[in-house]
Amino acid sequence: MSIQQTDVLYTAVATAENGRGGRVATDDGRLDVVVNPPKEMGGSGAGTNPEQLFAAGYSACFQGALGVVARQENADVSGSTVTAKVGIGKNEDGFGIIVEISATIPNVDPAAARGLLEKAHEVCPYSKATRGNITVTLV
């Protein structure tokens, strides 16, 4: 379900210059990075790339959702990590992305950890935004 502008609690603002071969910075100056295509896509690999930035944001958001679900389930997710792998490749429209999410949850048995991952995937805003648009696999 979408939110309305009146429901917004925070808005991040970032501006890119020269696309994949330039720079991206936030309006508050906290993030200011050189972006460049990875070597695998013909770039120099200097700096970061949009897929890395998306993976960073998605993994952080998903970790937050995991914490919300864990509190509801009284599960101990302390010491856990979430990894997002974002792949980019050619498709019928040009390029598309695919995501793989994995987590290490040391204080929870594997079956319960899988359940927490699935529930986090239902509430994570990034997961909601991508649902039905790209393939996201939980591993």
Side-chain angles (χ1 to χ4, degrees):
M1 174 181 266
S2 341
I3 65 172
Q4 302 300 312
Q5 188 61 39
T6 56
D7 299 322
V8 172
L9 300 174
Y10 168 76
T11 300
V13 179
T15 302
E17 298 172 5
N18 297 320
R20 288 181 168 273
R23 160 181 177 268
V24 175
T26 56
D27 64 335
D28 62 6
R30 291 186 181 175
L31 178 72
D32 190 341
V33 296
V34 171
V35 289
N36 211 287
K39 289 181 180 180
E40 296 84 350
M41 293 180 66
S44 70
T48 189
N49 60 65
E51 291 70 39
Q52 289 174 322
L53 295 170
F54 186 71
Y58 203 158
S59 62
C61 187
F62 201 97
Q63 178 80 44
L66 181 63
V68 167
V69 169
R71 283 189 293 281
Q72 293 169 348
E73 302 279 323
N74 291 320
D76 180 6
V77 295
S78 60
S80 66
T81 60
V82 173
T83 301
K85 294 181 180 180
V86 176
I88 184 170
K90 292 185 177 184
N91 66 11
E92 62 279 354
D93 296 336
F95 285 89
I97 61 171
I98 189 168
V99 176
E100 181 179 288
I101 304 267
S102 61
T104 300
I105 309 173
N107 301 319
V108 177
D109 72 74
R114 177 66 187 194
L116 290 172
L117 274 183
E118 290 171 0
K119 289 176 183 175
H121 189 45
E122 291 302 312
V123 301
C124 173
Y126 275 55
S127 293
K128 289 179 181 181
T130 59
R131 191 166 289 120
N133 297 311
I134 64 171
T135 300
V136 177
T137 305
L138 304 177
V139 294

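Every heavy atom of this structure was used, including side-chain atoms; hydrogens, water molecules and symmetry mates were not.
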Task: Side-chain (Arg131) to main-chain (Val136) donor-acceptor, under 3.5 angstrom - done: no
Open item on the list: Any side-chain to backbone donor/acceptor pair from Asn107 onto Ser78? Under 3.5 Å, distance only.
Closed with: yes
Shortest non-hydrogen contact from [X] toward [Y]:
X: Val77; Y: Ser80; value: O-OG, 2.7 Å
X: Ser59; Y: Ala56; value: OG-O, 3.1 Å
X: Ala65; Y: Ala120; value: CB-O, 3.8 Å
X: Ile101; Y: Ala84; value: CD1-CB, 4.0 Å
X: Ala14; Y: Val24; value: CB-CG1, 4.2 Å
X: Val108; Y: Ala113; value: CG1-N, 3.4 Å

With sequence neighbours excluded, what pairs up with [X] under the salt bridge (Lys or Arg N to Asp or Glu O under 4.0 Å) test?
X: Asp109; answer: none
X: Asp32; answer: Arg23
X: Arg71; answer: none

Task: Steps toward side-chain contact (heavy atoms from CB on, under 4.5 Å) verdict (Glu73, Lys119) - done: CA-CA 10 Å; Glu73 302 279 323; Lys119 289 176 183 175; 2.9 Å; yes
Task: Contacts of Ile3 that satisfy side-chain contact (heavy atoms from CB on, under 4.5 Å) - sequence neighbours left out - done: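 Scan of Ile3 (side-chain contact (heavy atoms from CB on, under 4.5 Å), adjacent residues dropped) gives Asp7, Val8.
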Look up atom [atom1] in [X] and atom [atom2] in [Y], then write down how far apart they are to the nearest 0.5 Å.
X: Gln63; Y: Thr81; atom1: CD; atom2: OG1; value: 7.0 Å
X: Glu51; Y: Phe95; atom1: CD; atom2: CZ; value: 9.5 Å
X: Leu116; Y: Gln72; atom1: CG; atom2: CD; value: 10.0 Å
X: Leu66; Y: Leu117; atom1: CG; atom2: CG; value: 6.5 Å

Open item on the list: Does Phe54 form a side-chain contact (heavy atoms from CB on, under 4.5 Å) with Thr130? I'd like the steps, not just the answer.
Closed with: CA-CA 12 Å; Phe54 186 71; Thr130 59; 4.0 Å; yes
Open item on the list: I'd like to check the side-chain hydrogen bond (donor to acceptor under 3.5 Å, both in side chains) partners of Ser127; sequence neighbours left out, ordered by chain and number.
Closed with: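 Ser127 satisfies side-chain hydrogen bond (donor to acceptor under 3.5 Å, both in side chains) with Tyr58, His121 only.
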Open item on the list: I'd like to know whether Ile88 forms a side-chain contact (heavy atoms from CB on, under 4.5 Å) with Val86, so could you lay out the CA-CA distance, the side-chain angles of the two residues, the decisive distance to 0.1 Å, and finally the verdict.
Closed with: CA-CA 7 Å; Ile88 184 170; Val86 176; over 6 Å; no
Task: Check: Asp27 and Thr15 side chains under 4.5 Å, non-hydrogen atoms - done: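 Side-chain contact under 4.5 Å: no.
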Open item on the list: Measuring only between side-chain heavy atoms, which start at C-beta, is Glu122 closer than 4.5 Å to Glu118?
Closed with: no
Sequence neighbours excluded and cut-off under 3.5 Å, please list the side-chain donor-acceptor pairs for residues 33-40, or say none.
residue	atom	partner	partner atom	Å
Asn36	OD1	Ser44	N	3.3
Asn36	OD1	Ser44	OG	3.1

Open item on the list: Same cluster or not: Tyr126 versus Ile97, using hydrophobic residues (I, L, V, M, F, W, Y) connected whenever any side-chain heavy atoms lie under 4.5 Å apart?
Closed with: yes
